[in-house]
Amino acid sequence: MAGLSLKNVIKRYGDVEVIHGVDLDIADRDFCVFVGPSGCGKSTLLRMIAGLEETTGGTISIGGEDVTNADPAERGVAMVFQSYALYPHMTVAENMGFGLKMTGHPKAEIDKKVGEAAEILKLDQLLKRRPKELSGGQRQRVAIGRAIVRDPKVFLFDEPLSNLDAELRVEMRVEIARLHRELNATMIYVTHDQVEAMTLADSIVVLNGGVIEQVGAPLDLYDDPDNAFVSGFIGSPRINMLNAEKSNGHLVLSDVGAGTLDVTLLGELPNRAVIGIRPEHFAETGSGGVPMDVQVTVVEHLGDVSFVYGQTKSGTNVVIERRGHRGTRAGETITAEFNPSKTLVFDADSGLRVR
Ligand code: ADP
Ligand code: MG
């Protein structure tokens, strides 16, 4: 197995630069997730690691070896795509063993490896079927099996669950986490879905417009984001953002009437700030937090929890999580209080966190 190291990696298509000098270290056996909005460069970066895209600048090392210009086959990586890319006329076993057959491995060895992979993936009963006789989840398992038999140092996944329905996606997510434990391999997994990133990753790389915004463990990114982008991308429903201005050494919340926010920061208060408040950091009236009137527009009752969507006095959209409180209705005005010590303060101009 192997770790990876990317140094000042750049990708240009003609005159257009889409990856702007990425530096990244991924530890051996890490489950690393690249997450970010569509078009931010996740697939491009993964395909450069795989050797399917040429690297315009910088270096990529796998297991300490510079593979920047190596052939895909020489990198010890195996990739699993969103489109399963199975051969329709071949059986499950033939699909899984095809790569090994092409590189001249003896039949007995191929059968053994396919058998082992099929057992790990619970495909042993389906080896004689063809892809059209399989469900979407089973097809994706075959595609993963095809990667496993090659015994790669690094597994690369590009949105492997995007074609599956919601229920199957959750099931396969758990399977992939189990696979990572059992295979004990380095995995790099691309997704635009922050829930997949949060649940699967040892480390998350948040990409935005071809640059890394932050790298960290899932809960560290959630609790302690470096900037407004990361705080907005990680967490569902999205973190609330309220405007504030500095006045007499305090932050005054223009979105919340005359609300004043007293927070202790190491850094200097910005003149214009954005205050991030997670939906779960609101409490009932009387908790001693900062009060905020919210005109309720929509309430989602999910059973254990309700999400209340509405607007502040100044018209800023907010969402509040309420537990054990099913009575809230659209049209009413509620007073929610938020805990000032849980807020995140960002400089409104740079988007950077002030800690
Ligand atoms: P993601 O996987 O995060 O959705 P991509 O890595 O596919 O994003 O794309 C990143 C950027 O590179 C996008 O702006 C996309 O339009 C551009 N891009 C991707 N492939 C090509 C290509 N073959 N030629 C030109 N531009 C490309
Ligand atoms: Mg992509």
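All ligand and atom numbering here is 1-based and tracks the order in the structure.
Atoms of ligand 1 found under 4.0 Å from any heavy atom of Val18, numbered from 1 in the order shown, are 11 (C), 12 (O), 17 (C). Close contacts of ligand 1 with Thr44, meaning ligand atoms under 4.0 Å from a residue heavy atom, involve 5 (P), 6 (O), 9 (O), 10 (C).
Side-chain atoms of Thr91 and Arg129 form no donor-acceptor pair, as typed in the model, at a separation below 3.5 Å. With 3.5 Å as the limit, one finds no donor-acceptor pair spanning the side chains of Lys42 and Thr44. Defined by atom type and a distance below 3.5 Å, a donor-acceptor pair is present between the side-chain atoms of His301 and Ser306. For the 3.5 Å distance criterion, the side chains of Asp255 and Ser314 qualify, holding a donor opposite an acceptor. Residues Asn271 and Glu245 have side chains that never bring a donor and an acceptor to within less than 3.5 angstrom of each other.
Of the protein's non-hydrogen atoms, Tyr13 CE2, 3.4 Å is the one closest to atom 23 (N) of ligand 1. Protein heavy atom nearest atom 7 (O) of ligand 1, with residue, atom name and distance: Ser43 CB, 3.9 Å.
Protein heavy atoms are absent from the space less than 4.0 angstrom from atom 15 (C) of ligand 1.
Residue contacts to the Mg ion (ligand 2): Ser43 brings an N, O or S atom closer than 2.8 Å.
Selection from Gly39, Gly210, Pro37 by nearest heavy atom to atom 11 (C) of ligand 1 gives Gly39.
Taking the six-membered ring for Trp, His281 and Phe338 have ring centres at least 6.0 Å apart.
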